[in-house]
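Below: the structure, in structure tokens.
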Amino acid sequence: MKITKHIQHLYIGVSIGILSVGIAIANLWYQLAYPILTTIFLIIFCSSCIIVYRSIFSIQKQMLLLQKKAAEATDNIERLQKSNLVKEQQIKELSTLTYALDQTLLYARVHTDGTIISIGQRFAKLILASSKHKGKNIAEYMKLGELQRNSILQLIAQNKGGVFNEEFFFQSHHQKKIWLNVSILSVFKPSGTVEKLLICTDITKRKEAKTEIEELRALHYQKQEERQKTNASLIVEAQEEERKRIAKEIHDSIGQMLTALKFNIESINPAQVDKMNQKIEGLKKLSKDLIQGIRMATFNLTPPELKDYGVIKALQKMTYELNRLTNKNIIFEDQTSQILRFDSLVETNLYRVTQEAINNAVKYAEASFIMVTINASENLLSITIQDNGKGFDINSIPSKPKNNAEGGMGLFFMKERMNYINGRIFINSAPNNGTRITLNYPMNTT
């Protein structure tokens, strides 16, 4: 029993000790559990905050990225819509252009052997190509001659990548001759094959106009040749009249003076001294008049000043002599203040035209005052002959005189001489108001 009690007491003591130890351990655990739990809670809280912050930041980043992608997608959609609108507009324009080209342009696509791939409606209508034109040769529809057929097929067969232009003509279904300017272009396909594009231009009107121009030109040349023949005949006639005038002048003036000189010399009788002295004085005067007449005749034919000193000095000499011989007030005024020389033909024609103008003023206009003025600019020589004569109606003078009517031939040859040296003549006159004639010669032609 005592042992049992001791065991009970030991059990109780052990139990109490274990309970005390448990209580002590429990107290110790309680003292340590709160900081540990607090620390664990803080660790868990901080980890949760970090995880939440990173999740929120990642979500915000993803949201910004999604917003950016959405904006880009919106821009792409707008650009795509605009591009589609532009493409639709381009397609419409291309369709309109294609329709316009098909209705207006003469074109055809062919293989290198000339067989048709496609053909424009207007071209098909022109050459009467049927709806089943594919596989047929373009030269057959164009109904070209053998030479032109071989030429166009040879150009189509060439594979040099250039552009070839040729002119062809054929008879349309209305039996009208049509000219086409055909341009042949090579089109290289991605597959490696080559197509030919024929672009034709209707040049029929241009050809007809060219033919008409050539006919008009031939007619113009014919009329010009006839006019030249007429002018040549008039010139020959004028030359004959000039020879007659010179012969008449020599016969009536110089010839008569020579005859009078001969008779006076033969009538001299040395025995009659008084009469002989009188006749000698008369012979001296007659000889002087004869010399003056010969000088005047030779001066009118070819003045030596013209060859030696030029047209200005020759005109100055001529006006001086005519002023002395005709008793007319003929004044010469040189405003050039320079020495001018030209080709001999130019100087001769300028001299003769001026001479003719002065002679007309003296003979026909009955002028008492004649003014000859010479001016020169950098490129133009101008000679003006102005008189106070009775003048004339310019419209009454024919452009082509049919005879040697007064004034007609003279004015005609004045114009012809100026045209010959590429000069121009201007005539201003009216009845009872005198005449003004201006000769212009471009000096840069010499």
Side-chain angles (χ1 to χ4, degrees), residues 46-142 152-153 155-168 178 180-203 205-206:
C46 291
S47 299
S48 300
C49 290
I50 292 171
I51 292 171
V52 170
Y53 174 76
R54 288 183 176 180
S55 299
I56 293 172
F57 179 76
S58 177
I59 291 171
Q60 289 178 346
K61 187 176 180 180
Q62 293 294 328
M63 289 293 293
L64 291 174
L65 184 61
L66 289 174
Q67 289 177 356
K68 184 178 180 181
K69 293 292 184 181
E72 291 178 355
T74 303
D75 293 338
N76 290 333
I77 291 172
E78 291 178 355
R79 284 197 297 269
L80 185 60
Q81 289 176 347
K82 292 180 180 179
S83 177
N84 289 335
L85 291 175
V86 171
K87 288 182 178 179
E88 290 178 0
Q89 184 66 26
Q90 290 177 346
I91 291 172
K92 290 180 180 179
E93 293 177 355
L94 183 60
S95 300
T96 304
L97 180 61
T98 303
Y99 177 78
L101 292 176
D102 198 41
Q103 295 296 321
T104 59
L105 190 65
L106 306 175
Y107 74 93
R109 291 171 51 219
V110 298
H111 292 293
T112 53
D113 59 353
T115 54
I116 299 173
I117 300 174
S118 64
I119 188 170
Q121 294 182 9
R122 186 166 177 261
F123 194 25
K125 184 178 180 181
L126 180 66
I127 63 177
L128 290 180
S130 63
S131 58
K132 299 179 180 180
H133 51 258
K134 289 187 177 181
K136 295 187 178 181
N137 198 287
I138 187 68
E140 295 179 2
Y141 282 116
M142 293 181 69
I152 194 171
L153 290 178
L155 291 175
I156 292 173
Q158 292 183 10
N159 190 18
K160 296 182 179 180
V163 179
F164 302 94
N165 292 87
E166 288 289 340
E167 294 181 357
F168 299 92
I178 297 178
L180 295 178
N181 184 2
V182 182
S183 300
I184 303 175
L185 296 84
S186 298
V187 180
F188 297 92
K189 307 295 287 185
S191 60
T193 59
V194 180
E195 294 180 0
K196 298 291 182 173
L197 179 62
L198 274 67
I199 300 177
C200 306
T201 305
D202 191 347
I203 58 173
K205 292 184 178 179
R206 189 181 75 186

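- A distance of 9.0 Å separates CG in L66 from CG in L64, rounded to the nearest 0.5 Å.
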Q: Would you sort out whether R79 and N76 count as a side-chain contact (heavy atoms from CB on, under 4.5 Å), showing the intermediate values?
A: CA-CA 5 Å; R79 284 197 297 269; N76 290 333; 2.3 Å; yes
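- Across all non-hydrogen atoms, the minimal contact from N137 to D113 is ND2-O, 3.2 Å.
- The minimum heavy-atom distance between L153 and G114, with the atom names listed, is CD2-CA, 4.3 Å.
- L197 contributes atom CG, which lies 11.0 Å from atom CD1 of I156 (distance to the nearest 0.5 angstrom).
- E78 contributes atom CD, which lies 6.5 Å from atom OG1 of T74 (distance to the nearest 0.5 angstrom).
- Atoms CD and NE2, from E195 and H111 in turn, are 6.5 Å apart once rounded to the nearest 0.5 Å.
- Rounding to the nearest 0.5 Å places CZ of R109 at 12.0 Å from CG of L198.
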(Q) I'd like to know whether K61 forms a side-chain contact (heavy atoms from CB on, under 4.5 Å) with L65, so could you lay out the CA-CA distance, the side-chain angles of the two residues, the decisive distance to 0.1 Å, and finally the verdict. (A) CA-CA 6 Å; K61 187 176 180 180; L65 184 61; 5.7 Å; no
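- Atom CG of N181 sits about 11.0 Å away from atom CD1 of I199, to the nearest 0.5 Å.
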